[in-house]
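Comments concern the structure below.
Every chain is numbered from 1 and lettered A, B, ... according to where its sequence line falls, protein lines coming before strand lines. Hydrogens, waters and symmetry mates play no part in the numbers below; they use all other heavy atoms, side chains included.
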Number of protein chains: 2
Amino acid sequence: MTTSLSGARTGAARLAALASLAADETRAGFLLALLDGRAWTAGELARHAGVAASTASEHLGKLVAGGLLAEERQGRHRYVRLADARVAQLVEDLAAQVSPTAAARPRTLREAGAGSAMARGRTCYDHLAGRLGIAVTDALTGLGLLRQDTGFALTDEGVNWFEGVGIPLVRTGQRPLARACLDWTERRPHLAGIAGAALCQHALNANWCTRIGSERAVKVTEKGEQALSQLLGIQADTLR
Amino acid sequence: MTTSLSGARTGAARLAALASLAADETRAGFLLALLDGRAWTAGELARHAGVAASTASEHLGKLVAGGLLAEERQGRHRYVRLADARVAQLVEDLAAQVSPTAAARPRTLREAGAGSAMARGRTCYDHLAGRLGIAVTDALTGLGLLRQDTGFALTDEGVNWFEGVGIPLVRTGQRPLARACLDWTERRPHLAGIAGAALCQHALNANWCTRIGSERAVKVTEKGEQALSQLLGIQADTLR
DNA sequence: CCCATCGTTCGGCGGTGGCCGAAGTGTGGG
DNA sequence: CCCACACTTCGGCCACCGCCGAACGATGGG
């Protein structure tokens, strides 16, 4: 039995129950790891967080019961991922709140390398972030395809641009077409929402960029540099 | 000494520390109460939550230390309010997440009365919400002053409208001019951000609406009905 | 069929944290 | 000057929760 977040309780109790899910360092680590948008196995998360498998199993049970994670059983593996874009946005927002300035500097060379790759480009749930995400967002804004001065929305030219490039924007449910996501290395908004997700998916499908290892970081390919330069006027060296 | 949220700790630890602040039912109640944007005294919050003054004092200490609340001492009173619009948005987002459909139905007549007044119109931190907020947002959208189809942003005509009505939009720091806030009774986005706050302040200053009692609920005055009808074409009976 | 691997359940341990009442501090009013 | 009031600090109590290891169940490969 699980104490649902939306049951017959006061708003304060439900809010506290939701926050409790993220109020544990191990579970918070799970959520941040899952921000890459992919599905992880229980074991991977346990090792990532440095806890016993049994501990991780209990945590995952709570997160799933609370609606933050979706799970998919495949054979003897339990894959989990963030339940939906709404949850991802919430985790993003929480994460952004606790990194007010530049995040803690990396200590070791290895971390510095990984950090710099992450800073260059990465996925943030289902859209592009890091300098790559910023560069794309800025380019769209500079070309009048996206307007950020009075809010955050695509212009009509912007919608046409997506169609022209061959990136379909399928409006699903309540999710906004364009939305700002605050980057926690660059401290600037970048494109999220349906358009951000579609662009990221296209970039990966069309081989504009590829994932580095098993982490969130992505690397822009030569083909990607050409495409971004031609379509958005982004200088290749901006991304290095 | 306080364990800062942005100290030299891992991201997961900082996220967990932030979430811990809202992970207690009493503190969550404080945050929700403070969503009305006003400053409360420690005693008011203690009575509101039904805990001893000493307990409330400790909770307030944590929330202030964690940066979620700002405090102001006046004589023997300790006034607290949400630290800034960023924190307010975070609490809003969390609250919206835990009320997936219509909130629990009111049980008593008194609650039903208060609930319906709240549903008609209320403040959400510094902007208008409830049916009033929705009506204004929809009217702005219908008149082409606000566009929600490709994101959420004022149009140029929208910016001019604010100037014309005599509501100055002063851009401060990073805060967006317009932003969507998801209403948790109507389940629809309404205008927040600088424009939403300016509009709400103007509505209260110009006596378009007044606060009911000491709660978040607001009531549209006759003058307000005329103004909203004339400026935005909102039918008076929409607001009743 | 056996075994390695992945995950779950259970019992027990220890720390954390929320709660209260009582006592203490400071403020303002009579 | 004294008292009422708002808040804070302290000590103690209790519940909850995260952690682990060990045992158990399930899956898939050899």
Can you tell me how far P of C:dT9 sits from CG of A:L60, to the nearest Å?
12 Å
Under 4.0 angstrom between B:R73 side-chain N/O and D:dT8 OP1 or OP2:
yes
Between A:L45 (CG) and C:dT8 (P), how many Å, whole number?
12 Å
Between the side chains of A:E71 and A:R73, is the shortest nitrogen-to-carboxylate-oxygen separation below 4.0 Å, so that they form an ion pair?
yes
Just by distance, no angles: are the side chains of B:T123 and B:R211 close enough, under 3.5 Å, to form a donor-acceptor pair?
yes
What ring pair (Phe, Tyr, Trp, His ring centres under 6.0 Å) pairs are there with at least one residue in residues 12-39 of chain B, not counting sequence neighbours?
none
Distance in angstrom units between B:E25 CD and D:dC17 P, rounded
13 Å
Could you state the atom-to-atom distance from NE2 of B:H77 to P of D:dA4 in whole Å?
17 Å
Can A:R81 and A:D126 be counted as an ion pair, charged N to O under 4.0 angstrom?
no
What residue pairs, at least two apart or across chains, pass side-chain hydrogen bond (donor to acceptor under 3.5 Å, both in side chains) with a residue in residues 47-59 of chain A?
A:R27-A:H59
Look at the side chain of B:T41 and the backbone N and O of B:Y79, then say whether any donor-acceptor pair between them is shorter than 3.5 Å.
no
Does B:R78 make a side-chain N or O approach to OP1 or OP2 of D:dA6 shorter than 4.0 Å?
no
Contact pattern, 5' to 3', of nucleotides 15-28 of chain C - B, S or - by protein heavy atom under 4.0 Å
---SBBBB----BS
Report the distance from atom CZ of B:R47 to atom P of D:dC7, rounded to the nearest whole Å.
8 Å
